[in-house]
Amino acid sequence: MAGLEGMEQPRGDAHAAAARWSPTVEDEHALKALELYGNPTEAEVPLPSRPESAATARRLTQVVVLRHWGLTPKTTEDAVLLVSELVGNAVRHTGARVFGLRLHRRRGWIRVEVRDPSRGLPCLMPVQEMDISGRGLFLVDKLADRWGVDLLPRGKTTWFEMRVADR
């Protein structure tokens, strides 16, 4: 296609794409991310500040929340969406080269943290129905039970918490 030299072009075979994705394949990608980057429940996982790191953060969150902690698919889906929003904000707005991902669980709660070196505070903006961007913190505000920002001597940690049922 003209003007798209060097860009990967979509393949004409839609069946091949559909056959490649499955929950099992996604679990394999998530486990591979855990192996490559480390476990964000044990220590902060540093990730490069690039758009593709959102996929890595989603996979790490998925494998921890669903597989390690054994929480519901709905809780996992919400946590994955919200971590993607926090990572997107860190990548787009902070100018950082690296950000950190950390996940915690305590009785009745999970907490997801994204740390970056910027001290600029995120801002919850009013959202209109037709807006195509700026919905990240709106989603965090609606889906998380609580969220906030902790200023650090060098940067900040943006976090959200969700109530979970203990088994």
Side-chain angles (χ1 to χ4, degrees), residues 4 7-8 10 17 21 23 25-27 29-41 43-69 71-105 109-152 154-164:
L4 296 177
M7 299 292 289
E8 185 175 328
W21 190 90
V25 171
E26 189 58 29
D27 279 350
H29 289 304
L31 291 170
K32 185 69 167 177
L34 196 65
E35 182 181 310
L36 287 173
Y37 293 96
N39 187 334
T41 66
E44 181 178 282
V45 172
L47 295 169
S49 188
R50 296 191 307 249
E52 54 270 21
S53 289
T56 302
R58 286 190 299 269
R59 287 176 175 141
L60 290 170
T61 302
Q62 173 199 340
V63 76
V64 167
V65 174
L66 187 64
R67 302 292 175 224
H68 290 191
W69 291 342
L71 299 176
T72 67
K74 173 68 172 134
T75 299
T76 303
E77 181 181 351
D78 288 350
V80 165
L81 172 63
L82 298 185
V83 78
S84 189
E85 296 300 336
L86 293 188
V87 167
N89 284 348
V91 169
R92 275 190 297 279
H93 302 298
T94 68
R97 289 191 303 225
V98 175
F99 65 89
L101 175 68
R102 188 88 159 106
L103 281 74
H104 303 274
R105 182 168 183 196
W109 292 91
I110 63 169
R111 179 179 173 112
V112 177
E113 302 174 349
V114 174
R115 187 187 55 78
D116 66 71
S118 168
R119 289 181 53 88
L121 296 175
C123 184
L124 178 61
M125 303 293 289
V127 175
Q128 303 298 319
E129 185 176 331
M130 298 303 290
D131 289 348
I132 57 173
S133 67
R135 293 179 179 267
L137 283 180
F138 174 80
L139 290 171
V140 172
D141 191 58
K142 292 299 176 198
L143 295 176
D145 290 292
R146 49 189 184 210
W147 70 274
V149 180
D150 297 332
L151 283 175
L152 307 170
R154 294 184 182 199
K156 68 177 174 299
T157 298
T158 307
W159 54 268
F160 67 85
E161 294 182 334
M162 298 168 64
R163 290 182 196 274
V164 296

With rounding to the nearest 0.5 Å, note down the distance linking [atom1] in [X] to [atom2] in [Y].
X	Y	atom1	atom2	value
Glu113	Phe160	CD	CZ	10.5 Å
Thr76	Leu81	OG1	CG	12.5 Å
Asp116	Leu101	CG	CG	12.5 Å
Glu85	Trp147	CD	CH2	12.0 Å

Closest approach of [X] to [Y] (non-hydrogen atoms, all atoms of both residues):
X	Y	answer
Gly38	Val45	O-CG2, 3.6 Å
Val65	Ala79	CG2-CB, 4.3 Å
Leu137	Leu86	CD2-CD2, 4.3 Å
Ala57	Val83	O-CG1, 4.0 Å

Checklist entry - More than 12 non-hydrogen atoms from neighbouring residues, nucleotides or ligands closer than 6.0 Å to CZ on Arg119, yes or no? => result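 Atom CZ in Arg119 is packed in, count exceeds 12.
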Counting distance only, does the side-chain N/O of [X] pair as donor-acceptor with the main-chain N or O of [Y] below 3.5 Å?
X	Y	value
Asp78	Leu143	no
Ser53	Ser49	no
Arg59	Ala33	no
Lys156	Ser118	yes

With heavy-atom distances below 4.5 Å as the criterion, would you say the side chains of [X] and [Y] are in contact?
X	Y	value
Val149	Thr157	no
Arg102	Arg115	no
Val64	Asn39	yes
Val112	Trp159	no
Ile110	Leu103	no
Val164	Arg105	yes

Item to check | Arg146 to Trp109, cation-pi by 6.0 Å centre distance and 45° axis angle | outcome: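 Pair Arg146/Trp109 counts as cation-pi.
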Item to check | Basic-acidic side-chain contact under 4.0 Å: Glu161, Arg111 | outcome: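 Counted as a salt bridge, because a side-chain N and a carboxylate O are separated by less than 4.0 Å.
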Next on the checklist: If the threshold is 4.0 Å, N to carboxylate O, is there a salt bridge linking Lys74 and Glu77?
Outcome noted: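 So Lys74 does not pair with Glu77 through a salt bridge.
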Using a 3.5 Å cut-off and no angle test, enumerate the donor-acceptor pairs between side-chain atoms of residues 87-95 and protein atoms at least two apart in sequence or in another chain.
residue: Thr94; atom: OG1; partner: Ala90; partner atom: O; Å: 2.5
residue: Thr94; atom: OG1; partner: Ala96; partner atom: N; Å: 3.2

Item to check | side chain to side chain donor-acceptor pair (under 3.5 Å) between Arg58 and Ser84, worked out | outcome: CA-CA 6 Å; Arg58 286 190 299 269; Ser84 189; 2.9 Å; yes
